[in-house]
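In what follows, a structure is listed as structure tokens, so that the remarks can point back to it.
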Amino acid sequence: EAQVTQNPRYLITVTGKKLTVTCSQNMNHEYMSWYRQDPGLGLRQIYYSMNVEVTDKGDVPEGYKVSRKEKRNFPLILESPSPNQTSLYFCASSRNPLSIGYTFGSGTRLTVV
Amino acid sequence: DAKTTQPPSMDCAEGRAANLPCNHSTISGNEYVYWYRQIHSQGPQYIIHGLKNNETNEMASLIITEDRKSSTLILPHATLRDTAVYYCIVSRMDSSYKLIFGSGTRLLVRP
């Protein structure tokens with residue numbers, strides 16, 4: 001089944017403890033992106049990647065890192081999480097966002113205490 | 001990207017057509033209209049998109065007015081599983097291919 005898989009689905013962590021949220025897609029998509037969703041603010045793009053080794057900042061990149069060493073994986077790294085990064089995170093991928101649309105993962109609900 | 005305006009909520013009866021309006025009066029010529037939906041807190045799901053012409057797929061139809069200032073998403077036979085928040089997004093899809101999600105329309109399908 002074609003899908004975007006995020007792990008973990010839920011995570012509670014403490015301030016400052018580095019964590020990684022994994023994202024993997026099995027559709028050979030070039031384009032991948034991370035969004036966060038917060039009440040009243042909608043979904044906002046954090047980082048995106050046009051292809052392997054090509055990444056760029058979205059609208060809210062502060063406090064996050066990403067890497068794209070292989071086409072299928074696009075992990076989101078929080079080097080020193082803070083409570084304001086408590087949010088619902090979604091990874092998305094597409095072969096051609098202009099003409100096809102995105103496939104989103106099921107989400108990762110992160111709580112930083 | 002152009003701003004969109006959607007009603008905050010709507011409802012329709014199961015089996016009837018759901019018509020969800022979207023106003024995008026400042027849309028420019030190279031901007032597409034995209035529709036996504038989000039069921040509860042699941043990942044958004046792509047529904048359909050268009051530039052000028054009306055579009056139809058297995059999920060829905062998209063009607064774009066001739067002046068492109070508004071559009072309507074039509075779910076021809078709504079089911080309870082169509083209860084969701086529906087987002088109308090206008091984007092020229094520049095190099096970031098970013099989607100800007102507004103607050104959407106919460107559609108409730110009644111039994």
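Chain letters run A, B, ... following the sequence lines, proteins first, then strands; residues in each count from 1. All values derive from a computational prediction rather than experimental measurement.
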Inset, instruction - Could you tell me whether A:I12 atom CD1 has more than 12 heavy atoms of other residues or ligands within 6.0 Å of it? - result: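 It does not: A:I12 CD1 has 12 such atoms or fewer within range.
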Quick one: what part of [X] sits under 4.5 Å from any heavy atom of chain B, side chain, backbone, both or neither?
X: A:R44; result: neither
X: A:Q37; result: side chain
X: A:F90; result: side chain

Give the cluster check for [X] versus [Y]: same hydrophobic cluster or not, with ILVMFWY residues linked at side-chain heavy-atom distances below 4.5 Å.
X: A:V21; Y: A:F74; answer: yes
X: B:F101; Y: A:I46; answer: no
X: A:L11; Y: A:W34; answer: yes
X: B:Y87; Y: B:Y34; answer: yes
X: B:M59; Y: B:W35; answer: yes

Inset, instruction - Flag the pair B:Y97 / A:Y31 as yes when their ring centroid distance falls below 6.0 Å, and as no otherwise. - result: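 Yes, they do, as the ring centres are separated by less than 6.0 Å.
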Inset, instruction - Would you please classify the geometry between the A:F104 ring and the B:Y36 ring as parallel, tilted or perpendicular, with 30° and 60° separating the classes? - result: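 Answer is perpendicular, since the angle exceeds 60°.
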Legend entry - Residue part contacting chain A, namely of B:L99, when any heavy atom lies under 4.5 Å: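 For B:L99, the contact with chain A is made by backbone and side chain together.
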Inset, instruction - Determine, step by step, whether A:L43 and B:Q38 satisfy the side-chain contact (heavy atoms from CB on, under 4.5 Å) criterion, reporting the C-alpha distance in whole Å, the side-chain angles of both residues, the deciding distance to 0.1 Å, and the verdict. - result: CA-CA 11 Å; A:L43 283 99; B:Q38 188 174 25; 4.3 Å; yes
Legend entry - Residues B:K98, A:S33; criterion side-chain contact (heavy atoms from CB on, under 4.5 Å); working and verdict: CA-CA 9 Å; B:K98 176 175 58 183; A:S33 185; over 6 Å; no
Legend entry - Closest-packed option against chain B by number of heavy-atom pairs under 4.5 Å, given A:V4, A:D56, A:D59: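 With the most close heavy-atom pairs to chain B, the winner is A:D59.
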